[in-house]
Amino acid sequence: MPELPEVEAYRSFAESAALRRRITAVEAPDAWFLKRTTAEELSGALVGRRFVRARRRGKLLLLDTDGDGPVLGLRFGMTGRLVVDGSMAFDTLLYSSALAKPGWDRFALHFGARGRLRMNDPRRLGGIELEPDEEALGPDALSITRSQLVAALERSAAPLKARLLDQAHIAGVGNLIADEALWRAGLSPLRPAGRLTAREVTRLHTQLAATLVDLSVRGGSHTGDLMPERRPGGHCPRDGRPLVRSTVGGRTSWWCPKHQH
DNA sequence: ATTGTGGCCTGCCCGC
DNA sequence: TGCGGGCAGGCCACAA
């Protein structure tokens with residue numbers, strides 16, 4: 001499930017492997033995968049150009065093209081992988097087969113005869129977009145400031161976790177990282193987002209940043225301390241209490257009833 | 001605008 | 001051995 005750490009790895013990989021190469025062809029066999037665009041439009045917009053920069057905002061990977069070319073936006077959904085010249089940024093992805101079967105290639109750009117950038121996505125939940133609306137996303141979770149976090153939470157009656165998952169307010173937090181950060185911060189996912197104390201906001205800000213850095217270093221959003229216990233019968237790794245499971249913000253959520261309030 | 005719900009997509013895993 | 005159901009979740013459309 002690509003969350004922020006995975007997409008950041010894809011960005012870094014694209015930056016090292018896909019820039020300054022001439023795009024010679026667009027291969028878009030799956031029209032479903034193209035959002036608000038077509039194979040013809042993509043071909044006309046991209047062939048002959050080169051990527052000059054790889055950026056990321058939340059879970060959206062952005063590839064800038066040279067000249068007055070467009071921005072290409074890549075979304076990975078839950079199972080999407082980035083493959084360049086046969087190499088993947090991550091070899092394994094939870095909830096996704098370890099194999100990147102060729103039949104799951106949904107989109108590719110050719111760099112001459114041999115080079116290729118591919119998106120391999122078994123479940124087709126990702127997609128490709130030209131000129132995505134970057135401003136529709138909130139500040140990136142990795143660099144969000146405390147005051148930006150306050151702004152994202154204040155006056156919201158939604159459950160805290162639902163707000164954290166709302167990409168329009170904070171970009172990049174997915175289900176696993178939300179559970180991990182709330183567990184570390186000792187905050188219940190059910191707390192009304194706008195009712196945190198100043199001290200609690202500070203704790204959340206600190207622990208969200210620590211979670212993102214930790215999981216990136218460890219190798220992905222499924223490497224959190226809570227993760228192994230995020231299952232029926234699981235216990236809090238901190239104090240041993242049976243974890244509670246319920247749906248919050250439309251997502252399966254696990255948290256500790258003892259230390260998360 | 002806010003908040004909640006359901007559906008999309010498909011592979012995998014479990015129980016029968 | 002095959003089959004059906006449930007589940008995973010990022011994102012979007014839609015409702016109130």
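These numbers come from a predicted model, not from an experiment. The sequence lines fix the lettering, A, B, ..., with proteins before strands; numbering per chain opens at 1.
- Counting to the nearest Å, the P atom of B:dT2 and the CD1 atom of A:I170 are 13 Å from each other.
- For A:R251 and A:H169, each mapped to the nucleotide of DNA chain B holding its nearest heavy atom, the one lying further toward the 5' end belongs to A:H169.
- The line from SG of A:C236 to NE2 of A:H259 is 5.0 Å long, rounded to the nearest 0.5 Å.
- Within the 4.5 Å cutoff, the side chain of A:R21 has heavy atoms near those of the A:D85 side chain.
- Within the model, atoms CG of A:D179 and CH2 of A:W254 stand 10.0 Å from one another, a figure rounded to the nearest 0.5 Å.
- Between A:D105 and A:R81, no side-chain nitrogen of the basic residue sits less than 4.0 Å from a carboxylate oxygen of the acidic one, so the salt-bridge criterion is not met.
- With hydrogens and angles ignored, no donor-acceptor pair under 3.5 angstrom links the side chain of A:R75 to the base of C:dG10.
- Computed from coordinates, the A:E129 CD to C:dC11 P distance equals 11 Å when rounded to whole Å.
- DNA chain C is contacted by A:Q167 of residues 139-167 of chain A, taking any non-hydrogen atom closer than 4.0 Å.
- A:L204 contributes atom CG, which lies 9.0 Å from atom CD1 of A:I144 (distance to the nearest 0.5 angstrom).
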A:Y10 vs A:L74, test: side-chain contact (heavy atoms from CB on, under 4.5 Å). Steps then yes/no. CA-CA 10 Å; A:Y10 293 170; A:L74 285 68; over 6 Å; no

Collect all protein-nucleotide pairs involving nucleotides 8-10 of chain B in which both atoms are nitrogen or oxygen and the distance is under 3.5 Å.
residue: B:dC9; atom: O3'; partner: A:R124; partner atom: NH1; Å: 2.9
residue: B:dT10; atom: OP1; partner: A:R124; partner atom: NH1; Å: 2.5
residue: B:dT10; atom: O2; partner: A:R123; partner atom: NE; Å: 3.3

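- A rotation axis mapping the C1' atoms of four pairs onto the next four is fitted at both ends of the helix from B:dT2-C:dA16 to B:dC16-C:dG2 over five pairs, and the angle between these axes is 40° to 10 degrees.
- The shortest non-hydrogen separation linking A:L196 to A:E200 is CA-OE1, 3.5 Å.
- Atom-to-atom, CZ of A:R245 to P of C:dG6 comes out at 13 Å; the value is rounded to the nearest Å.
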Identify each donor-acceptor pair in which a side-chain atom of residues 136-143 of chain A lies under 3.5 Å from a protein atom, sequence neighbours left out, and give them as a table.
residue: A:D140; atom: OD1; partner: A:R56; partner atom: NH1; Å: 2.6
residue: A:D140; atom: OD1; partner: A:G58; partner atom: N; Å: 2.7
residue: A:D140; atom: OD2; partner: A:R56; partner atom: NH1; Å: 3.4
residue: A:D140; atom: OD2; partner: A:R56; partner atom: NH2; Å: 3.1
residue: A:D140; atom: OD2; partner: A:L142; partner atom: N; Å: 3.0

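- Taking atom CG of residue A:N175 and atom P of nucleotide C:dC11, one finds them 12 Å apart after rounding to whole Å.
- Taking all atoms of both residues into account, the shortest heavy-atom contact from A:P70 to A:L46 is CG-CD2, 4.3 Å.
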With 3.5 Å as the limit, what N/O pairs link the protein to nucleotides 13-16 of chain C?
none

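- Computed from coordinates, the A:M78 CE to C:dA8 P distance equals 9 Å when rounded to whole Å.
- In this structure, CZ in A:R251 is found 13.0 Å from CG in A:L164, a value given to the nearest 0.5 Å.
- Note that the CZ atom of A:R146 and the CG atom of A:L208 stand 13.5 Å from one another [nearest 0.5 Å].
- Across all strands shown, A:G250 has no heavy atoms under 4.0 Å from either base or sugar-phosphate atoms.
- Atom CZ of residue A:R230 and atom CH2 of residue A:W183 lie 13.0 Å apart, to the nearest 0.5 angstrom.
- What separates CG of A:L137 from C1' of C:dC11 is a distance of 11 Å, to the nearest Å.
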For a quick test of your reading: what N or O donor-acceptor pairs under 3.5 Å do the side chains of residues 168-177 of chain A make, sequence neighbours left out?
residue: A:H169; atom: ND1; partner: A:D166; partner atom: OD2; Å: 3.0
residue: A:H169; atom: NE2; partner: A:R163; partner atom: NH2; Å: 3.1
residue: A:N175; atom: OD1; partner: A:K161; partner atom: NZ; Å: 2.6
residue: A:N175; atom: ND2; partner: A:T252; partner atom: O; Å: 3.0

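- Nucleotide C:dA8 holds its P atom 18 Å from the CD atom of A:E6, rounded to whole Å.
- Within a 6.0 Å radius of CZ in A:R231, other residues, nucleotides and ligands contribute more than 12 heavy atoms.
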